[in-house]
Amino acid sequence: MADLRINLAGIKSPNPFWLASAPPTNSGYQVQRAFEAGWGGAVWKTLGDPILNVTSRFAAIGFNGQRVAGFNNIELITDRPLDVNLKEIYETKKKFPNHAIIASLMVEPKQEKWHEIVKRVEDVGVDGLELNFGCPHGMAERGMGSASGQVPALVERQTYWAKEVAKTPVIVKLTPNITDITATAEAACNGGADAISMINTINSLMGVDLDSWNTIPHVAGKGAHGGYCGPAVKPIALNMVAECARHPHINVPISGIGGISNWRDAVEFMLMGATGVQVCTAAMHHGFRIVEDMIDGLNNYLDSKGIAAVSDIIGKSVPKYSDWGNLDLNHNIVAKINPDVCINCNKCHIACEDTSHQCIDMLTDVNGKSYLKVREEDCVGCNLCSIVCPVDGAIDMIEAPRELAPMTWNDRQTALSVAVECKADVAK
Amino acid sequence: MSDYQQFLDERDKIDFLIQKGCQIYGVREHLNGASVDFLHPNGNVTETLLIGTANGRKYFSSLLISQNQPKN
């Protein structure tokens with residue numbers, strides 16, 4: 001059994017699996033049940049001036065038989081009085097002293113507002129604070145959430161205000177609804193953040209009903225954009241975590257969020273620099289007990305790799321993530337079709353012929369049997385055939401023998417600039 | 001001609017000049033690829049090749065990097 005404990009900027013929890021600030025962490029009843037199920041921490045549903053919600057708040061899209069591939073909500077922050085939430089936080093912390101309870105906070109961008117809520121929340125014994133600069137709907141129209149989180153100066157200033165009075169670690173939760181998340185992450189660091197978390201939800205409209213022409217969801221015939229999350233957003237979130245993890249000016253721990261549905265997703269986020277992960281949609285889809293499989297899977301993975309502590313994998317893939325200009329242009333892979341496994345469905349041929357580089361031939365052998373063959377010299381190693389192939393093992397992407405030394409685009413441009421300079425010298 | 005055949009053709013022409021002792025001394029990149037100027041070290045003879053294929057452009061670039069590296 002590996003050591004699954006994590007320490008994120010001083011916030012300790014028995015495992016890296018936290019529930020994200022969202023409907024699953026709305027009350028003490030829920031968070032206590034989550035801890036009993038095995039969750040290591042919970043970020044309490046965002047506290048602030050209690051709001052009013054609409055009905056018809058959630059929507060989801062399925063894909064190819066998988067329900068909830070993507071999830072959208074227009075629910076706002078807590079609608080319960082602060083004192084009620086604080087009482088339940090106190091009771092929950094008393095009952096589960098070794099679990100992490102982080103309070104998510106959202107107030108107007110005013111110094112006195114941040115001072116007030118930070119002090120009141122810390123008085124009941126939370127382990128840390130998460131500043132919600134991410135929610136894209138509703139609260140953003142009032143200048144909070146992602147409206148604050150899209151302006152680096154506001155992120156920095158509000159983080160600074162929170163830090164002026166905070167005694168516990170401050171995590172800044174970032175919105176993905178911005179061109180470059182490292183700009184706001186750096187602003188959070190400049191404001192004194194102890195950690196950052198990402199991503200909050202992505203602006204979305206889930207659909208339009210073809211009969212009624214109403215939006216999905218709609219509230220009495222009207223809709224508004226919501227926040228998109230779930231498995232479909234994982235690649236976007238993973239990139240944002242990785243970009244922050246490799247950024248030279250962002251040197252605080254990261255709590256990874258975005259489509260994490262199982263232990264494998266969690267490991268990917270941690271390899272890309274997250275100290276721990278937060279989960280919401282998967283818990284909303286399958287219930288709190290999914291954490292049992294997450295813990296078992298993570299333990300088995302670490303044991304199989306001979307890794308004693310989960311903290312040992314944090315950031316191990318970050319050095320492997322770089323800019324396109326640093327990739328080797330002379331590295332070659334080619335597709336190889338295994339005729340023993342191939343079912344001759346021709347999907348690879350169609351994909352290659354119609355939309356890629358026309359290098360898979362449909363042939364007939366001497367016995368009249370059809371088979372597919374890659375002309376390796378014309379294959380550009382795009383992976384499309386293996387992506388569309390419905391049979392595991394029918395197409396392998398194999399490394400071709402290296403003919404030229406490694407050369408990146410940046411190497412090439414440097415060499416070309418030298419050549420131009422040389423020519424100028426010769427001309428003189 | 002397939003891209004691969006065109007690349008082989010371009011590579012042969014590059015190799016022919018390199019084997020004659022020519023060196024790459026200028027590259028102009030443009031919308032049709034790259035025009036690569038070769039200079040024979042013993043004279044003022046120059047030759048220019050238009051390299052259109054992606055693999056051809058990788059190839060001469062690799063040779064250029066190799067050419068720029070200090071010789072022991």
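Convention: sequence-line order gives letters A, B, ...; per-chain numbering from 1.
Under 4.0 Å is where a charged nitrogen must lie from a carboxylate oxygen, and between B:E10 and B:R57 no such pair does. Ion pairing of B:E29 with A:R412 is present here, as a side-chain N (NZ or NE/NH1/NH2) and a carboxylate O approach within less than 4.0 Å.
Interface remark: A:Q413 contributes side-chain atoms only to the contact with chain B (heavy atom separation under 4.5 Å). In this structure, no portion of B:Q67 lies under 4.5 Å from any heavy atom of chain A. For a residue to count as touching a neighbouring chain, one of its non-hydrogen atoms must lie under 4.5 Å from one of that chain's; by this rule A:L329 touches chain B with backbone and side chain alike.
Between A:M272 and A:Y321, some side-chain heavy-atom pair lies under the 4.5 Å cut-off.
A donor atom on one side chain and an acceptor atom on the other are found under 3.5 Å apart for B:S62 and A:N330.
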